[in-house]
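Residue numbering restarts at 1 for every chain, and letters A, B, ... go by the order of the sequence lines.
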2 protein chains.
Amino acid sequence: MTTLPHPERDEIRIELVLQALADPVRLRIVRELAAADTGLQCGAMDLGITKSTLTHHVRTLREAGVVRVHPQGTARISTLRRDDLEALYPGLLGGILAAPR
Amino acid sequence: MTTLPHPERDEIRIELVLQALADPVRLRIVRELAAADTGLQCGAMDLGITKSTLTHHVRTLREAGVVRVHPQGTARISTLRRDDLEALYPGLLGGILAAPR
DNA sequence: GTCGAAGTTTGATGATTTTCGTAGTACGGT
DNA sequence: ACCGTACTACGAAAATCATCAAACTTCGAC
């Protein structure tokens, strides 16, 4: 089971996306992913939470369609689904990222 | 108490805005307000909730800085704070409203 | 094959949130 | 002054959510 389930673009729902973005920890993750132009290993991010909590947050983001996660060895590389989000909700991501830190 | 407390533009925080938008009922309210180019009386909106629940949601939106509420007789007229939101998070509102129902 | 590193699963807990009913306030009209 | 309308306040119940610890899985390296 090397592939994790992701919603297709047309399965992404705005309610879930907003709910995923509405948590401070997840918003930080999204900001870090947006700042990098490559995928990142969330486990290396030094948020102040335990591993199991991180798992929960990354899954929430993945199931909402905000990030794509693919395994790489024992690690998980997460990337922002910029193109999908921009296609569905043009400007949303930019607006959020424009917010002062 | 004819004036209700609203956050100034520089007091609006993205976490609260996203949290306010992350509820289905509140998102419907925002969509209805956005569809009208005038302020609306939320109490006339026929969402499937009681009055006290509506009060709670409108207050959540107001305290987050999403809507401005001003009394008009016994009614309350709510308007989207388009300009403030656009200034703080350009594109966010447009992206959300672009989502298919 | 064993070990450690990275992540997941499960179950529990505490906090937050959504919701409602009831009672109360504020306003405008008669 | 009274009445009805629109809304608010106050609890309280139910649901959801974030968090953690402990046990388990998976993978790569030695």
Side-chain angles (χ1 to χ4, degrees), chain A residues 1-6 13-33 36 38-79, chain B residues 1-6 13-33 36 38-79:
Chain A
M1 38 74 93
T2 34
T3 58
L4 293 85
H6 292 80
R13 294 183 330 199
I14 186 66
E15 285 91 357
L16 285 186
V17 171
L18 289 173
Q19 212 168 323
L21 296 174
D23 179 88
V25 174
R26 292 193 291 262
L27 194 55
R28 268 197 61 187
I29 294 174
V30 168
R31 283 221 176 89
E32 294 216 31
L33 291 178
T38 171
L40 290 182
Q41 179 188 354
C42 293
M45 269 184 187
D46 189 35
L47 315 153
I49 56 176
T50 63
K51 294 183 303 173
S52 45
T53 303
L54 213 218
T55 296
H56 163 250
H57 284 308
V58 173
R59 189 179 61 204
T60 300
L61 288 169
R62 172 175 54 82
E63 291 178 346
V66 177
V67 303
R68 201 172 284 278
V69 185
H70 74 275
Q72 188 165 292
T74 69
R76 303 275 183 270
I77 303 300
S78 299
T79 58
Chain B
M1 182 79 68
T2 35
T3 58
L4 293 87
H6 292 80
R13 294 184 329 197
I14 185 69
E15 285 91 357
L16 285 185
V17 171
L18 289 173
Q19 215 168 320
L21 296 173
D23 179 271
V25 175
R26 292 193 290 264
L27 194 55
R28 268 198 62 188
I29 294 175
V30 168
R31 283 220 175 91
E32 294 217 31
L33 293 178
T38 172
L40 291 183
Q41 180 188 353
C42 293
M45 269 183 189
D46 189 33
L47 315 152
I49 55 176
T50 63
K51 281 180 179 294
S52 45
T53 303
L54 213 218
T55 296
H56 164 250
H57 284 308
V58 173
R59 190 179 61 202
T60 300
L61 288 169
R62 172 176 54 80
E63 290 178 346
V66 177
V67 304
R68 201 173 284 280
V69 185
H70 74 275
Q72 188 165 292
T74 69
R76 303 274 182 272
I77 304 299
S78 299
T79 57

Point to revise | Given DNA chain D, 5'-ward residue of the pair Gly48(A) and Thr74(A), judged by closest heavy atom | key: Gly48(A)
Practice item. Take Thr60(B) and Ser52(B), find for each the nucleotide of DNA chain C with the closest heavy atom, and name the residue whose nucleotide sits nearer the 5' end. Key: Thr60(B)
Review point. More 5' along DNA chain C: Ile49(B) or Gln41(A), using each one's nearest nucleotide?
Key: Gln41(A)
Choosing from [options], which nucleotide comes nearest the side chain of [X]?
X	options	result
Lys51(B)	dT8(D), dA5(C), dA21(D)	dT8(D)
Gln19(A)	dG7(C), dC17(D), dT19(D)	dC17(D)
Leu4(A)	dT9(C), dT8(C), dC20(D)	dT8(C)

Without decimals, in angstroms, what is the distance between [X] [atom1] and [N] [atom2]?
X	N	atom1	atom2	answer
Arg59(B)	dA9(D)	CZ	C1'	9 Å
Arg28(A)	dA18(D)	CZ	P	16 Å
His56(B)	dA12(D)	NE2	P	17 Å
Leu40(B)	dA6(D)	CG	P	15 Å
Arg76(A)	dT8(C)	CZ	P	5 Å
His70(B)	dC7(D)	NE2	P	12 Å

Point to revise | Closest approach of Arg28(B) to Asp46(B) (non-hydrogen atoms, all atoms of both residues) | key: NH2-O, 4.0 Å
Exercise for review: Determine the contact category for Gln72(B): base if any of its heavy atoms lies under 4.0 Å from a base atom, sugar-phosphate if only primed atoms, P, OP1 or OP2 are that close, otherwise nothing.
Suggested key: nothing
Review point. Does a side-chain heavy-atom distance below 4.5 Å link Arg59(A) with Val69(A)?
Key: no
Check your understanding: Rounded to the nearest 0.5 Å, what separation is found between the OG atom of Ser78(A) and the NE2 atom of His57(A)?
Key -> 13.0 Å
Practice item. Without swapping roles, check the side chain of Arg26(A) against the backbone of Ala20(A) for a donor-acceptor pair under 3.5 Å. Key: yes
